[in-house]
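See structure below.
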Amino acid sequence: FGLRRSLDEDFYAELEEALVSSDVSLRTATELAEYLRTEIRRQDIAELEAARDLLKERLVQVLSKEHAALTWPQELPGLYLMVGVNGTGKTTTIAKLACRAMSKGLRPILAAADTFRAAAGEQLEEWGRRLEVQVIKGRPGGDPAAVVFDALQAASARGADLVIADTAGRLHTKRNLMEELNKIGRVSKEKLGRPPEETLLVVDATTGQNALAQTKEFQQVVGLTGIVLTKLDTAAKGGIVITIADETDLPIKCIGTGEQPEDLEDFDPRGFVEAILE
Amino acid sequence: NLTDKLQSVFKKLTGKGRLSPQDVATACREVRLALLEADVNFHVVKDFVAHVQEKATGKEVLESVTPGQQVIKIVHDELVALLGGESETQPEGTADIYMLVGLQGGGKTTTSAKLGLSLQKKGRKPLLAATDLRRPAAIEQLATIGSQVGLPVFEPHGEKTSLEVAQAALKHSRAESLSPVIIDTQGRAHVDEELMGELAEMRAALPAADVLLVLDAMTGQEAVKVAQAFENSLDLSGFILTKLDGDARGGAALSLRAVVGKPIWFVGTGEKPEALEPFLAERMASRILG
Ligand SMILES: Nc1nc2c(ncn2[C@@H]2O[C@H](COP(=O)(O)OP(=O)(O)OP(=O)(O)O)[C@@H](O)[C@H]2O)c(=O)[nH]1
Ligand SMILES: Nc1nc2c(ncn2[C@@H]2O[C@H](COP(=O)(O)OP(=O)(O)OP(=O)(O)O)[C@@H](O)[C@H]2O)c(=O)[nH]1
Ligand SMILES: [Mg+2]
Ligand SMILES: [Mg+2]
């Protein structure tokens, strides 16, 4: 946006359109416009470029959180727990994280704790085969918490550094499924003697306002350490994370940019904001 | 919710009179907010609210309802009309080939089995065709669900492309007197030229097929571009909106119908094979309005 010459009402209308069309909530877009109006007046800004930079800096500030880097385990084995609603890319992201861990010289083990969905275990096993990483599977319909427990056990026994655990996709509105997730979290924490190094909510960048409700519900039920925003290669802007960043303290740790194990990047607030504003 | 908000906007309009332009403008701001919160596309909202504003301004305030309720009724009725109206006929389910297409993770594989089960209950003998050669264990996924519901699944046997698998499945269906063939395809981004090209090829080879775009109900503003890209490339028969058992308001539905103009056939309401229902415009309108 920003082909206008002057900072008039049309400028603010275009700004709102650019942000909302990227799935930033109207409320957040309005707050950003208010901030901009105040600062433009206060700093006596008349140039479009200066106003744009002001907005850019503000967005980068909103998106820059503490603990934005992935936490690698100090005590071994560590645990990454992947959670989120159906189809967002949890299982595929595990393959990417395993790849990342190995590039750091760590030895991961994968826990196929989605014991519900058809061929979920087989999907993760196939990734394990391709990456030459061990996969601990449960029996179909079995207790997912037990699979994570067994994987942590196996990791200790075999000297692996990190368990990356898959869970079944679940809508945050399903009480029994969220309770099941809460139990997985508790059992894992008890086995580790500390919370998992990462409990990552995997969010699809094509998701609209519902991602905010997802984040709040999952945060309550299982205590998140960060967000992985997937499918940014599909042209969706993923602007809802700006609203999420505005309303929670959660950092976006990584982004998914494709369907292969190498398609994972660290979240770069500045690059992300530039893509939103172009 | 929107009803409460509009009631309070119009609280002062107690006596009988006309809806003033200012009151309608205030109400329309609330409607706009509600629709954007529901993921209705920015431009679709703009046109829709302008249309409602026109309809509502100067309208006589009816004796029996409050002005707020009156605006709500206009909004609701306009939404239902835009979603295809209640009179929209349900799909016949008579095609011999169905192709399920869409973005990654939208629910195509699960929905293929759901569609098969629903057609089987209507007396047909569907064959599910697993043509996703890329996603790990995609074939197993469809084969597993197929066996769970008692539907035959055609699996690849060395074919190099998805189109070859689809053609082999068709051949098999004729030999076994199975119909229709429901083709599950791999997820793809509407901006992926290569994959969209491959899909266009498959569609061109199956001109009589009913092509259904499977879209996640929580899809945001990008829904319009996605739907339009698939429509331009494939000439869709309709849409299936999935994961409506969540609390996403589903405003993408309005984008599909209003912009692309093809009907929404079904909605997915759960992970089980039975969780497929016909699309109802009234119900969707209420959901979008919150
Ligand atoms: N283009 C693109 N596709 C992705 C990305 N991440 C995952 N996918 C695809 O999204 C689809 C769903 O991925 P999964 O990993 O199965 O998602 P999930 O969250 O584990 O799904 P459920 O277990 O069924 O809830 C697959 O087709 C993946 O290849 C990404 O960053 N970009
Ligand atoms: N709650 C709910 N989950 C659904 C619904 N439809 C599909 N799912 C789930 O969404 C996830 C993705 O479904 P898939 O059928 O694998 O999606 P897909 O479009 O085939 O994915 P790709 O082939 O990777 O593009 C799975 O966890 C399904 O169980 C629905 O209507 N409601
Ligand atoms: Mg999965
Ligand atoms: Mg699939």
Side-chain angles (χ1 to χ4, degrees), chain A residues 16-27 29-30 85-92 95 116-130 140 168-174 204-214 217 230-231 233-240 258-259, chain B residues 32-43 45-46 103-110 113 134-148 186-192 215-226 229 242-243 245-252 270-271:
Chain A
E16 184 182 76
E17 177 173 346
L19 291 174
V20 172
S21 298
S22 306
D23 289 311
V24 176
S25 74
L26 181 62
R27 182 165 149 185
T30 306
V85 304
N86 307 70
T88 56
K90 299 175 290 302
T91 306
T92 310
F116 170 73
R117 206 209 68 208
E122 287 76 2
Q123 185 184 2
L124 197 63
E125 278 185 321
E126 175 59 25
W127 279 121
R129 263 193 295 279
R130 293 186 193 186
R170 67 200 70 223
L171 296 181
H172 53 287
T173 49
K174 309 219 161 166
D204 186 329
T206 66
T207 307
Q209 300 306 303
N210 198 250
L212 182 62
Q214 292 172 21
E217 283 305 310
T230 62
K231 309 182 196 173
D233 53 304
T234 65
K237 298 276 179 107
I240 189 62
E259 305 188 64
Chain B
R32 178 171 183 259
L33 176 62
L35 293 178
L36 288 175
E37 279 177 348
D39 291 325
V40 181
N41 180 268
F42 185 90
H43 296 102
V45 172
K46 203 169 188 181
L103 301 177
Q104 291 91 344
K108 297 173 293 301
T109 303
T110 311
R134 170 213 52 106
R135 171 174 153 154
I139 314 286
E140 282 94 316
Q141 186 185 2
L142 191 62
T144 302
I145 314 177
S147 90
Q148 281 171 357
Q186 80 173 65
R188 70 201 70 215
H190 56 303
V191 297
D192 188 324
L215 192 76
D216 198 321
M218 59 187 187
T219 308
Q221 296 287 315
E222 195 69 6
V224 168
K225 292 219 184 85
V226 172
T242 62
K243 306 178 201 170
D245 45 320
D247 61 0
R249 299 261 288 279
E271 295 191 74

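Note on naming: letters A, B, ... go to the chains in the order of the sequence lines (proteins, then strands), and numbering restarts at 1 for each one. As the structure is a prediction and not an experimental result, all values here were calculated from the model.
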Quiz item: Side chains of B:Glu271 and A:Phe116: does their closest heavy-atom pair fall under 4.5 Å?
Solution: yes
Quiz prompt | Residue selection (most heavy-atom pairs with chain A, distance under 4.5 Å) from B:Arg188, B:Lys46, B:His43, B:Gln148 | solution = B:His43
Quiz item: Which answer fits A:Thr91, side chain, backbone, both or neither, if we ask what part of it has an atom under 4.5 Å from a heavy atom of chain B?
Solution: neither
Self-check item: Option in B:Met218, B:Arg32, B:Glu222, B:Lys243 with maximal non-hydrogen atom pairs under 4.5 Å from chain A
Solution: B:Met218
Exercise. Measure distances from A:Arg27 to the heavy atoms of chain B and classify the residue's part below 4.5 Å as side chain, backbone, both or neither.
Key: neither
Quiz item: Any side-chain heavy atom of A:Gln123 sitting closer than 4.5 Å to one from B:Arg135?
Solution: yes
Quiz item: Counting N and O atoms only, with roles assigned by atom type, does the side chain of B:Gln221 sit under 3.5 Å from a partner on the main chain of B:Ala252, one being a donor and the other an acceptor?
Solution: no
Quiz item: Once you round to the nearest 0.5 Å, how far does CG of B:Asp216 lie from OG1 of A:Thr207?
Solution: 6.5 Å
Self-check item: Test item: A:Thr92 side-chain N/O and A:Glu259 main-chain N/O as donor-acceptor pair under 3.5 Å
Solution: no
Exercise. Would you check, one step at a time, whether the test side chain to side chain contact (heavy atoms under 4.5 Å, CB included) holds for A:Glu122 with B:Gln141?
Key: CA-CA 9 Å; A:Glu122 287 76 2; B:Gln141 186 185 2; over 6 Å; no
Quiz item: Based on non-hydrogen pairs under 4.5 Å, which of B:Thr219, B:Asp245, B:Asp192, B:Leu36 is most in contact with chain A?
Solution: B:Asp245
Quiz item: Is chain B contacted by the side chain of A:Thr173, its backbone, both, or neither, given a heavy-atom distance below 4.5 Å?
Solution: side chain
Quiz item: With distance as the sole test, does A:Ser21 use its side chain to make a donor-acceptor pair with the main-chain N or O of A:Ala18 at under 3.5 Å?
Solution: no
Practice problem: List for me each residue that meets salt bridge (charged side-chain N to carboxylate O under 4.0 Å, His left out) alongside B:Lys108, sequence neighbours excluded, and say none if there are none. | Solution: none
Self-check item: Contacting moiety of B:Asn41, where chain A heavy atoms sit under 4.5 Å
Solution: neither
Quiz item: With a 4.5 angstrom heavy-atom cut-off, which part of A:Arg130 approaches chain B: side chain, backbone, both or neither?
Solution: side chain
Quiz prompt | Heavy-atom proximity to chain A below 4.5 Å, by part of B:Asp247 | solution = both
Exercise. Select, from B:Gly251, B:Ala38, B:Gly246, the one with the greatest count of heavy-atom pairs under 4.5 Å involving chain A.
Key: B:Gly246
Exercise. Pick whichever of A:Ile240, A:Leu124, A:Thr234 has the most heavy-atom pairs under 4.5 Å with chain B.
Key: A:Thr234
Practice problem: Counting only heavy atoms closer than 4.5 Å, note whether A:Lys174 contacts chain B via side chain, backbone, both or neither. | Solution: side chain
Self-check item: Non-hydrogen atoms of B:Ile145 and A:Ala118 that approach each other most closely
Solution: CG1-CB, 3.7 Å
Quiz item: So, the side chain of A:Lys90 versus the backbone of A:Val85: is there a donor-acceptor pair under 3.5 Å, distance only?
Solution: yes
Quiz item: If you count heavy-atom pairs under 4.5 Å with chain B, which of A:Leu171, A:Asp23, A:Asp233, A:Thr88 comes out on top?
Solution: A:Asp23
Quiz prompt | Proximal component of B:Arg134, with respect to chain A [non-hydrogen, under 4.5 Å] | solution = both
Quiz item: chain A heavy atoms under 4.5 Å from B:Glu37: which part of the residue, side chain, backbone, both or neither?
Solution: backbone
Quiz prompt | Top contributor to chain A contacts, counting heavy-atom pairs under 4.5 Å, from B:Gly220, B:Pro136, B:Gly105, B:Ala189 | solution = B:Pro136
Quiz item: Rounded to the nearest 0.5 Å, what separation is found between the OG1 atom of B:Thr110 and the CG atom of B:Leu142?
Solution: 9.0 Å
Quiz item: Heavy-atom distance under 4.5 Å to chain A: side chain of B:Leu103, backbone, both or neither?
Solution: side chain
Practice problem: Counting only heavy atoms closer than 4.5 Å, note whether A:Ser25 contacts chain B via side chain, backbone, both or neither. | Solution: neither
Practice problem: Without swapping roles, check the side chain of B:Arg249 against the backbone of B:Ala34 for a donor-acceptor pair under 3.5 Å. | Solution: yes
Quiz item: Given a strict heavy-atom distance threshold of 4.5 Å, which part of A:Glu125 is in contact with chain B: side chain, backbone, both, or neither?
Solution: neither
